[in-house]
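Throughout, protein chains are lettered first and strands after them, A, B, ... in sequence-line order, and every chain is numbered starting at 1. The shown structure was predicted, so the numbers you read here are calculated from the model rather than taken from an experiment.
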Amino acid sequence: MASLLRVLRTGRAFRGLGNALTRQSGSLRRGFYGSALRLENESKSDKPPSSSSTMYHEHYQAHPNEKGDSIRSNMSYQDQSGEHGEEYETEEQLQARIFTAALEFVQQYGWSMEAIAAGAETLGLSSASTGMFSNGAGDLVLHFIAQCNSNLTDILTEQHKHVQLGQAETKKTSDFLRDAVECRLRMYIPYIETWPQAMSILLLPHNIPHSLKHLSTLVDDIWYYAGDRSTDMNWYTKRAALTGIYNTTELVMVQDSSPDFQDTWNFLDNRIQDVVNMATTIKQLKNIAGMNQRQ
Amino acid sequence: MQRAANTALHGCAQAGGPAHVGLTSSRAYGVIPPPRDPEEKEMLHRILRVDHAGEYGANRIYAGQMAVLGRTRTGPLIQEMWDQEKKHLEKFNEILAENRVRPTALLPLWNIAGFVLGASTAVLGKEGAMACTVAVEESISEHYNSQIRALMEKDPERYIELLNIIKEFRDDEMDHHDTGLEHDAETLPGYWLLKNAIQLGCKAAIYVSQRI
């Protein structure tokens, strides 16, 4: 589904496109949420897909001399040799900085333009700079989500490295999933009071494609690091199951008032256990029916 | 040992997160180069997705044919072609897993459709099975050729590994096509009709598998 949405997006954004990518700094069209990744991962080399945010928005001004290239968000304004290029900062980078600053004020003002205005002011900009955001609250939430996803990916790759170096043992799949989902949901804890508002913002029609995309890349990442390499229907069923688990646990979390959200983690444990049981049962049924063939 | 993993986890309680790590793939040279941008990634993934679906379908077609003709004289011949398709499928499974390509969601459909096609043409006898093979292999070869052309147009050096694999598989498929012709495919009554119908179906399947 992520690919489908991505296809729709790229189709729309690049109708009648020209040519080459310029890797130079300067007027490059980039995704909003890509900038969040860039801030986090500036020195990351070309890594395989998982970037949760290669979005190409048509909101902001087209820069006159470029033709809407699609550069991977990992390619920052640094040039090939890795040093900081010119001082030029693109609009998304500026917006990303404003969003990051605005997160401090979310507790106070909620996920709203006021928070963004306050964030802009801490950066020394006038609060009128909120004029550049046509979908401020939604973009703020999406920025935050993209940031959380990339944090999670960092953590998972770090763990993966430890396992490969033999410094840690491979976890069981169910444990891995539980830890990954718990880790990811814990990132919401500082904002948990206002999280229901954020969730409802994500359900607005113009935000749904983006939030679904972030969700699907999140789930894909988690399964990838859990070791899933399936290339058949299991690819879909596993991701669907994990999406269900994640969404329901998130809903439980916003209503949870137990110390350290213990109820939520128990709920998560039980849901994962359910899925594991269901998988085992299906396998047994297949064995009985003689359907379990060699792969 | 768990502690390293645990400390990394507990670090995630803060919204800031731990220092990031550059991720390098464990193999220096994979079959496809790391995509430079989302457009290229989309293109490569489509190619791989449809090729994987194609080999999967071909596999099922031969399985259907074997189910009917497995114990006849043509059994060993079909088995041999099937084994080659199995190798192709294995290779694509490997590539898909390595590059985190999403497989087509229509795999269950191709599973059933392929088996039914193979079995029903095999019911028409050896000539029927061979006619089906000729039609399908011709479609697949044409499809691989157009992919090769597209990749060559873009950047033959960059995609050299992928091109080599597709070329090799295309050659195998052409072999199967020729084998089918050698074994009296054309003597089937209604050959022209059957062949075109199957090829139309293949074209539709290819179109759809690239996108879904």
Separation between CG of L96(B) and CG of D232(A), rounded to the nearest 0.5 Å: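 Rounded to the nearest 0.5 Å, the CG-CG separation comes to 10.5 Å.
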Atom group of D220(A) that falls short of 4.5 Å from chain B, counting heavy atoms: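 Contact with chain B: backbone and side chain both.
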R102(B) backbone acceptor or donor facing Y236(A) side chain under 3.5 Å: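 Side chain of Y236(A) to backbone of R102(B): no pair is present.
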Donor-acceptor pair, side chain of Y224(A) and main chain of R100(B), under 3.5 angstrom: no
Atom [atom1] of residue position [X] - does it have more than 12 heavy atoms of other residues, nucleotides or ligands inside 6.0 Å?
X	atom1	result
K167(B)	NZ	yes
E157(B)	CD	no
E90(B)	CD	no

Smallest separation among heavy atoms of M233(A) and A105(B), with atom names: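 Residues M233(A) and A105(B), closest heavy atoms: SD-O, 3.9 Å.
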